[in-house]
Structure formats: C-alpha cells, structure tokens
Amino acid sequence: MNKKIVILPGDGIGKEVTTEGKKVLEKIAEDFGHSFEFDQAIIGHDAIESTGNALPDETLAKLKNCDAILFGAVGHPKYDNDPTLRVRPEQGLLKMRKELGLYANLRPIKLFDELLEASSIKADVLRGADILFFRELTGDVYFGEKGRKDDGNTAYDIMVYQRYEIERIAHKAFQAARTRRKKVTSVDKANVLESSRLWRETVQEIGKQYPDITLEHQFVDSAAMKLIRAPRSFDVVLTGNLFGDILTDEASQIAGSMGMLASASVGDRVGLYEPIHGSAHDITGKGIANPLASILSVALLLDISFGMKEESETVLKAVSDTLKAGYRTADIADANTSKNKILNTQSMGTQILEKLSMASVSLNK
Ligand code: NAD
C-alpha cells in the first residue's frame, strides 16, 4: 500500500518520542512491503519562532494533503510562565483540530499486565480494566467566546455545544461500543450546566438508535471518583472537551504513566495520532522520555487510518514483548524489583525495532 504520512514533532519531548515512532513506521513498511512517503512540518513554539504563527499555512497545506499525521506535542515554558503572550503554541493545536475537522479524540486506556505494579492504584482494582474514551474536540470552553470585562478583574470562557457536534461523536461512541462490551457511559454536569443538559438530551436521543447498547449517564465529579475506585465498570466513555481533557489524564494512572497513552483524533478526513502527554519541559533533552505512547499511536494510525490490523497488532505485540522482557523507561520502572532494565528513549525504540525484527522473521517462515 502507498501512503503519505506527515511527521509533526512539535516541541520538547514531542521531537524525541516522534523520532522513535517514525522508525517503527519505517520498519513496518519494510517488513510488510508497504511504501510510506514521509514529510515533516513545524507547529507550536518552533513555528512561532520562525514564522510568528503557531500553525503556518505551509504546515496546514501539508496536513490537508496526506493520509495520516503522527504528532508529538506543543508547549514551551516561556508561554506557561507568561499568560499575557498573545501568540501561543496550543493555538496551533486547536486550529489544526478545527481546520482538519477532527472532532473525536479516541483514547484507549488499557493496562499491560507487566505494568500492574507500576501504577499507583492497587493491582486488584486495576486488573482487566479496558476503557475507550471518546472526547469531543471542537466545542466547549476551548472554542466558546472568551475575554475580560472592562475592569480587567472579570474573565469568562463560555461553554458552548451545538446539537450536531454531540450527535456525530455520540454515533462514533455507540458504534465502537458494538465492537466491545456494549456499554456507553456519557459524562456531563447536567445538574448545573445548560450545555450539559443539551449533551444528555442529545445522547439519549441517539442512544435510541442503538438498543443493543446499554447507556448510562454520570456526573463528571462522580465519574472522576469511580474511575479510580472501579475502573473495570467502564467500557466506552463519551464526554465533552474539557471533562475529557481532565478525565483522560486521571485515567493515564490506570495505564501506569502518561508515557504509555496514545490517542487518535478523527473526523471525516485525515486522522491525527499523538501521545496524550505534553512537551514535558522538566525532562526535555535528558533522553529519558518514554517513547511508547508515540509507538502505540503508530499502532492506532496503522489500524484506524490504513486498516492495517495485522501490522497494528504486530506493533502492540512488540511493546508487550519488550515489557515482558523487563525493559522499562524510568517513568514505568517498578521500584520494588531489581529485574527491570532501565532504558533511555532511543534504546527503548531500538528494543521495539528488535522485537519487530523477530516478528518479521516468524512472519516469513
Ligand atoms: P506533560 O504531559 O508534558 O507532563 C506531565 C508530567 O508527565 C511531567 O512530569 C512529565 O515529565 C511526565 N511525562 C509526560 N510525558 C512523559 C513521557 N513520555 N515519558 C516520561 N514522562 C512523561 O504536561 P505538563 O507538564 O502539564 O505540560 C508541559 C507542556 O506541554 C505545557 O506547555 C503544556 O501546555 C503542553 N501540553 C501540550 C499538550 C499537547 O501538545 N497535546 C498536551 C498537554 C500539555
């Protein structure tokens, strides 16, 4: 198969982890006889420094003309420490989602058995947890009207949802539930927010078209508690942009680390694949970032955008085999055992490539 992939490393550890993700794509192309053509583009702080724009037109043109995008992260301490700066890296990310019509963010939360002890949650509570989040990406407080009132001491960000935005992501969540354990938990704050009442009303309406799926509703505060107390009680979670942002970071602890969680953003055209973590200024340049979230994003890309199930499963197996062999980056190391072999970012990528080589030998037997 011939495919065009744009690599969008972004800032901080985005560059470090995406380098390893790209190597995995190259190896899969070689082993399975595909032709992947790569292009690279800038976004975020780097793009602001060189063009004054967080998402330059040239980048956007490349993104609109490819089959899939592998993205790292954006962000830089300069902006985090100075909220008055008007051009900001995350504007590039929000604009990219809007321009590419990426309205659904899928975040699978699944714990590799080998990492049961790496989580701060008890293994008995976690074992078997397998959640698929659908976070809406183009509405909510991120895109509603925002500003300051004249006196400068009052600020507002309006939470806005339109019925069609809720309908299209609800369909995606119900359809995914059909391939899983047939349950959707819709998370909102309908006891106080009008936009949440529209959310709940719309999800109930769409749910009628999926009588084989069990639909339940939870308030976001209660859902946040149940995620940690009873993670196995969730199958598909459907929620808005803000609540999804917070809950999926919380849920990353189920998977052991932010460095283990991949995501896919999809709409009607090209798909964007990225780790859920940010640019992690605290570890940038140290070579210790966990590249597995980027590599797991590659597995999602192969499956969702290219329909390459076998290739995707081969990547997942390589990650699982690498963990089984005791290899860890520092963030997922178990302090209670001496059996872990701690690797840096690049060596972890190399281990995955070695496991892929072993898989390719058995494929060709
Ligand atoms: P972060 O996700 O970058 O880091 C949170 C913590 O997790 C840090 O201690 C970091 O060292 C650790 N961590 C994250 N990824 C890791 C990995 N792969 N391996 C090992 N440890 C990892 O979140 P933050 O610190 O709140 O934000 C840093 C910057 O990233 C900010 O500028 C923020 O705006 C930006 N950000 C960008 C995105 C994105 O581009 N999608 C998402 C979140 C935050």
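Both ligands and their constituent atoms are indexed starting at 1 by order of listing. Remember, it's a predicted structure, so these values are computed and weren't measured experimentally.
- Between Lys317 and Lys355, every side-chain heavy-atom pair lies at or beyond the 4.5 Å cut-off.
- The side chain to side chain contact (heavy atoms under 4.5 Å, CB included) search around Leu94 returns Arg97, Phe143, not counting sequence neighbours.
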For Phe36 and Phe306, run ring-ring contact (aromatic ring centres under 6.0 Å, His included): C-alpha distance rounded to whole Å, both residues' side-chain angles, the deciding distance at 0.1 Å, then the answer.
CA-CA 11 Å; Phe36 293 163; Phe306 298 170; 5.7 Å; yes
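- Each of Lys182, Arg178, Arg181 was scored for a salt bridge (charged side-chain N to carboxylate O under 4.0 Å, His left out) with Asp212, with one residue passing: Arg178.
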Tell me, with the steps shown, if Thr138 and Glu136 meet side chain to side chain donor-acceptor pair (under 3.5 Å).
CA-CA 6 Å; Thr138 59; Glu136 203 287 328; 2.9 Å; yes
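- For a heavy-atom separation below 4.0 Å, the residues in contact with ligand 1 are Ile13, Ala73, Val74, Gly75, His76, Asp80, Leu93, Met258, Gly259, Glu274, His277, Gly278, Ser279, Ala280, His281, Asp282, Ile283, Ala289, Asn290, Asp331.
- For the pairing with Pro291, the side-chain contact (heavy atoms from CB on, under 4.5 Å) check across Gln346, Glu20, Lys23 returns one residue only, Glu20.
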